[in-house]
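See below for the structure under consideration.
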Amino acid sequence: MLLSANRTTESETAPSETARSETSSAELAPADTPPYRYTAQLAEHIERTWQQHWESEGTFHAPNPVGELAAEPGSSAAKRAQGPKLFVQDMFPYPSGAGLHVGHPLGYIATDVYARFARMNGRNVLHTLGYDAFGLPAEQYAVQTGQHPAITTEHNIATMRSQLRALGLGHDSRRSIATTDPGYYRWTQWIFLQIFNSWYDEEQDKARPIDELVEQLRLGARLTPDGTPWEQLSAQQQRQIINDRRLAYLSEAPVNWCPGLGTVLSNEEVTADGRSERGNFPVFKRNLRQWMMRITAYADRLVDDLALLDWPESVTLMQRNWIGRSHGARVDFATVNETTAEGAAATPPISVFTTRPGTIFGCNSVVLAPEHLLVNTLLPPHWPDGTPPHWTGGADTPTDAVERYRAAAAAVSAVDRQATGRAKTGVFTGGFALNPVNGQRLPIFIADYVLMGYGSGAVMGVPGEDERDWEFSERFELPIIRTVQPPEGFDGEAYEGDGVMINSDFLNGLPWPQAKQAMIDWLSEHGHGAGTVTYKLRDWLFSRQRYWGEPFPIVYDDDDQPIALNDAQLPVLLPEVDEYSPVTYEPHDAATEPAPPLAKAADWVSVELDLGEGVKTYRRDVNVMPNWAGSCYYQLRYIDPANSDQLCDPVNERYWMGPEPLRHGADDPGGVDLYVGGVEHAVLHLLYARFWHKVLYDLGHVGSTEPYRRLFNQGYIQAPAYTDSRGTYVSASEVVEIDGGFSWQGQPVRREYGKMGKSLKNVVTPEQMCGEYGADTFRVYEMGMGPLEASRPWESRAVVGAHRFLQRLWRVVLDEQTGTPRITDAAANRLTGQLLHRTIEGVRADMVGLRFNTAIAKLIELTNHVTVTYPNAAPREVAEAMVLMVAPLAPHIAEELWQRLGHAESLTYAPFPQADPQLLIAETIEYPVQVNGKVRGRITVPADADEASVRAAALADEKVAGYVGASAPKKVIVIPGRIVTVVV
RNA sequence: GUCCGAGUGGCGAAAUGGCAGACGCGCCAGACUUAGGAUCUGGUGCCCUUAACGGGCGUGCGGGUUCAACUCCCGCCUCGGACACCA
């Protein structure tokens, strides 16, 4: 039961009543603190009460159009469902055992403020938070604490939930999920099967069910790889062909093997210096049979659709660079081996990829990656006549040279290979290629600066326009011919800029871009190559040899070919094992083998199933999915968390995520309306999630083509940390500032800034802040300290500013002695009314733009004005508007004040104040008057004064006249409503 | 090395072509007080000067465009981030 303002003393359950009884007791407040002052104790009480109220009322339950979460007809939720929807999402947190520090909730508070503001504007808002709880850290934490990860995970989630609840986040708790819940990972496995059971149709440029490919092959509408008619192939051959086309496939290929973690990793999880992003262990390339996801099939769409997204420029740029699309040409070079008895013998041609086919007349060599498959076919028995000694690497034969070079290249660690300024190395293979445009004989080398994984693993050396090739040419004394005219005065080596073609036969005189196209045309016409596109993006390595992850819904029969389970057989539960910690190795021991923990669950691995061929014994896949899997689609389960028949009902998905061309334009891809999180997920999570979403779109499961329409990267909270003379971190909370220096237990210490964490001994927790000031103060401080996207240092002592603001607001509305409203029904004076409505206008705009810091500043200004203007009783219209405007930021105190002002209903859905246009216009305007760029005077004129009268008033001003002097000014500029400038 | 972002009081910041420093912390002064690390009121960019007024300088550095530049353009410096032999 909620109370009305006039009957405060009659209620027993109202938050306000208990508050008074507590705060008036002596041990809670010093003797001279008024009984109804807004203190931390009172704040905490109000906060607990309203959190309970919101929970019991289901205040933040967002109704779905259909299904279990649909609104009861006639309920308040049904009314809510009438409004336009808004889907707000935070990046999936991992429930850490270490607990939260004040940096963690920054984004959660921001989305909560935004969501609450939207509710007050009539939107039906979906906002919840789930937990991404599979993965290495959870497993490592469990190993550390000696408990099963399921137990520690559950415990950590419970802790985090209660920590976040204390902040008053308006989440729909019915929609919270955890990736580790079998009811959730069933759908992770289901999507995996969708991907596994699909292929990419290049013609239609979309994924299609694999059955449709089988059908096409069977009917001959599509040819098998070698043209053999489908029915002449054995069942096993047919399966192999099909499996090779799937979007999820097993591949025996060089992968990133990390002995220190005992698992393989994706490219995205390996840092530039060849180490694991997690744990910083060395990573080695090993040939292993692993699951891959054919994300490369989506490379073009993943690049192109970035243009449709409302994302930070930097993130789209990072994705673009990661996908690394470049347009160029494939050029085929015929090769010859000149040392056979017959003179010259043909060897297989070599394809190179180049983005500058126009420079081919300057080509002086062909260089292959050391691992290139054709290297061995090129090697003559002995060095060709005239081979310069420094091309041979000191070896007696080409075979010997290549072997030695390969061994040396393999011995170079990833770190050394990256070292800047590393000299180019390589050896001659003894083979020659023929330049297709002029028949010139070009030596073929191998060199480790050519990467097997990019393009075709072979390049043509064009030193005039490529620095690497220039270096290589100098090293091996190869001729250098420029084919693009460098600008006058250019004194560098390779010239990689634009220019006009020279030394290039029929291309001479063409500007560079036209020469490129002309050469592509020539190559295709003469059968020597074709225009082509290459990507840096590789397929996504999708299996891990760990315990704490989603098992694959895949089994094998005797053929060792993967077989999908049926949907009805999901979820495949993670088996209990005695030893769930993975087998890890000495981090530098590359010659080790992954040993998945699941392989040890013999009873689980071997399974009897009927998959359409009668009951047979199968072997389960013993890998688990990477921890990115669960976060690739979680917004879809937020939408329909209890749906056990479907991933999510298409009606619900289209309601929450479908394209809204009327609101967002004709190209709108749909997706979550606002997605807030750290920039560290710019490539990994956001790329994977876009990929999965597009597959689901192709297969007709979702109506949006992108998962996240608008992305916002929040900054980080840095924290000061202090080191003593030995460089050891000391407890930051015990450091005091003395005369501009810092001191800990009497000894001077040095300040630095870093991440908040145990190792820097500088953790500040939300609980500490709530205990000292209350959650509302904490929220206002975090939102007020700067722009959301900027990182900034935490300063505990500054939090009090936010607290004083809320105290003042409280005092504007209530009497600190009695707790009753001290407001008047009299109208606000003109000045206050204008300030109020300017504030409403400004706060609205700031809220929409996520500029909460300036919104708070405006609210403080208004509060300060009202405090001074109405020391005894503020006008109700002003006080109520202030309470409503502060509500998204400090919801508990706002609810409490709103109730004490006599409102029976929560203000969660009360209308956010609207500015009255009449009151936004002032009747007079003060203009600063500048003379030669300096403000020399001020004039006040009626708001509707025309330019001429403003000008006249400015020149008439005494001070201004003093600077202008007797002669007429050269120029007078009036910027309406802004400033007058006089030039003399 | 390449690309991206940032540089404003003692500190966090505001102003995106029109009065630089809103708002907050801190600091100074005052009120209340046994007390103040609570709360309230006022002041507070730097320098010169005054009894009061007033004046000069000032947004990393150097140049430019403009009546007017933190804001736009060119060059540089510093810091942070991403990528890093991608042909």
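Because only heavy atoms are used, hydrogens play no part in the values below, and waters and symmetry mates are left out as well, while side chains stay in. Sequence lines set the chain letters: A, B, ... in the order given, protein chains first and strands last, and positions in each chain run from 1. Keep in mind that what you see is a predicted model, and the values were worked out from it rather than measured.
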Rounded to whole Å, how long is the line connecting atom [atom1] of [X] with atom [atom2] of [N]?
{"X": "A/Glu795", "N": "B/C25", "atom1": "CD", "atom2": "P", "answer": "11 Å"}
{"X": "A/Tyr454", "N": "B/A84", "atom1": "OH", "atom2": "P", "answer": "13 Å"}
{"X": "A/Leu317", "N": "B/G5", "atom1": "CG", "atom2": "P", "answer": "9 Å"}
{"X": "A/Glu782", "N": "B/A13", "atom1": "CD", "atom2": "P", "answer": "14 Å"}
{"X": "A/Tyr773", "N": "B/C25", "atom1": "OH", "atom2": "C1'", "answer": "11 Å"}
{"X": "A/Phe472", "N": "B/C85", "atom1": "CZ", "atom2": "P", "answer": "17 Å"}
{"X": "A/Ile860", "N": "B/A13", "atom1": "CD1", "atom2": "P", "answer": "16 Å"}
{"X": "A/Phe333", "N": "B/A87", "atom1": "CZ", "atom2": "P", "answer": "16 Å"}

(request) Assign each of A/Asp469 and A/Gly786 to its nearest nucleotide of RNA chain B by heavy atoms, then name whichever residue's nucleotide is nearer the 5' end. (result)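 This one resolves to A/Gly786.
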
(request) For A/Ser791 and for A/Ala802, find the nucleotide of RNA chain B with the closest heavy atom, then tell me which residue's nucleotide is more 5'. (result)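 Its nucleotide being nearer the 5' end, the pick is A/Ser791.
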
Can you list the residues that meet the side-chain contact (heavy atoms from CB on, under 4.5 Å) rule with [X], with sequence neighbours excluded?
{"X": "A/Pro787", "answer": "A/Glu789, A/Ala790, A/Asn853"}
{"X": "A/Glu313", "answer": "A/Thr316"}
{"X": "A/Pro793", "answer": "A/Tyr753"}
{"X": "A/Pro969", "answer": "A/Leu955, A/Val964, A/Val972, A/Val982, A/Val984"}

So which nucleotide from [options] ends up closest to the side chain of [X]?
{"X": "A/Leu451", "options": "B/G24, B/C86, B/A13", "value": "B/C86"}
{"X": "A/Glu861", "options": "B/A22, B/C19, B/G42", "value": "B/A22"}
{"X": "A/Trp322", "options": "B/C19, B/C83, B/A13", "value": "B/C83"}
{"X": "A/Lys536", "options": "B/C86, B/A87, B/A15", "value": "B/C86"}
{"X": "A/Arg792", "options": "B/C19, B/A13, B/G26", "value": "B/A13"}
{"X": "A/Val450", "options": "B/U39, B/A87, B/G12", "value": "B/A87"}
{"X": "A/Ala857", "options": "B/C23, B/C86, B/G18", "value": "B/C23"}

(message) Tell me if B/G58 is syn or anti. Syn = glycosidic torsion within 90° of 0, anti otherwise.
(response)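 Anti conformation for B/G58.
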
Quick one: label [X] by what it contacts on the DNA or RNA (base, sugar-phosphate, nothing), any heavy atom closer than 4.0 Å.
{"X": "A/Arg320", "value": "nothing"}
{"X": "A/Ala798", "value": "sugar-phosphate"}
{"X": "A/Glu313", "value": "nothing"}
{"X": "A/Arg804", "value": "sugar-phosphate"}
{"X": "A/Lys970", "value": "nothing"}
{"X": "A/Arg978", "value": "sugar-phosphate"}
{"X": "A/Asn864", "value": "sugar-phosphate"}

Span that lies between the [atom1] atom of [M] and that of [N], in whole angstrom:
{"N": "B/C72", "M": "B/A15", "atom1": "P", "answer": "14 Å"}
{"N": "B/A51", "M": "B/C77", "atom1": "P", "answer": "49 Å"}
{"N": "B/C23", "M": "B/G43", "atom1": "P", "answer": "10 Å"}
{"N": "B/G36", "M": "B/C46", "atom1": "C1'", "answer": "33 Å"}
{"N": "B/C53", "M": "B/C28", "atom1": "P", "answer": "24 Å"}
{"N": "B/C85", "M": "B/U66", "atom1": "C1'", "answer": "47 Å"}
{"N": "B/A52", "M": "B/C70", "atom1": "P", "answer": "31 Å"}
{"N": "B/C67", "M": "B/A82", "atom1": "C1'", "answer": "43 Å"}

(message) Under 6.0 Å between ring centres: does that hold for A/Trp322 and A/Tyr535?
(response)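 Aromatic pair excluded; centres sit 6.0 Å or further apart.
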
(message) Ring centres under 6.0 Å, that's the criterion: do A/Phe333 and A/His528 meet it?
(response)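 Centroid separation for A/Phe333 and A/His528: 6.0 Å or greater.
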
For [N] and [X] - does any side-chain N or O of the residue sit under 4.0 Å from the phosphate oxygens OP1/OP2?
{"X": "A/Ser326", "N": "B/A87", "result": "yes"}
{"X": "A/Arg811", "N": "B/C40", "result": "yes"}
{"X": "A/Asn321", "N": "B/C3", "result": "no"}
{"X": "A/Arg37", "N": "B/A38", "result": "no"}

By side chain to side chain donor-acceptor pair (under 3.5 Å), which residues pair with [X], not counting sequence neighbours?
{"X": "A/His327", "answer": "none"}
{"X": "A/Ser276", "answer": "none"}
{"X": "A/Asn864", "answer": "A/Arg808"}
{"X": "A/Thr867", "answer": "none"}

(message) I'd like to compare against my own output: the B/S/- annotation of nucleotides 64-82 of chain B with a strict under-4.0 Å heavy-atom distance to protein.
(response) ---B--------------S

(request) Nearest 0.5 Å please: distance from the OG1 atom of A/Thr863 over to the CG atom of A/Leu809. (result)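 Between A/Thr863 OG1 and A/Leu809 CG, I get 5.5 Å after rounding to 0.5 Å.
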
(request) Hey, could you give me the CE/CD1 distance between A/Met756 and A/Ile717, rounded to the nearest 0.5 Å? (result)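 So the gap between those two atoms works out to 7.0 Å.
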
(message) Can you classify the ring geometry of A/Phe472 versus A/Phe445 as parallel (below 30°), tilted (30 to 60°) or perpendicular (above 60°)?
(response)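 Because their plane-to-plane angle is over 60°, the rings of A/Phe472 and A/Phe445 count as perpendicular.
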
(request) Any chance you could encode RNA chain B as dot-bracket? Rule is Watson-Crick or G-U wobble with both distances under 3.5 Å; [ ] for pairs crossing earlier ones, | for another strand. (result) (((((((..(((.....[....)))((((((.......))))))((((.....))))..(((((..]....))))))))))))....

(request) Any pair with a residue in residues 839-849 of chain A that passes side-chain hydrogen bond (donor to acceptor under 3.5 Å, both in side chains), sequence neighbours left out, goes on the list, sorted by first then second residue, please. (result)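 Output for this query lists A/Asn121-A/Arg844, A/Asp846-A/Arg851, A/Asp846-A/Thr854, A/Asp846-A/Lys858.
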
Distances under 3.5 Å between protein N/O atoms and the N/O atoms of nucleotides 51-59 of chain B, please, pair by pair.
residue, atom, partner, partner atom, Å
B/G55, OP1, A/Tyr963, OH, 2.6

(request) Answer yes or no: is there an ion pair linking A/Glu371 with A/Arg406, defined by an N-O contact shorter than 4.0 Å? (result)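 No.
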
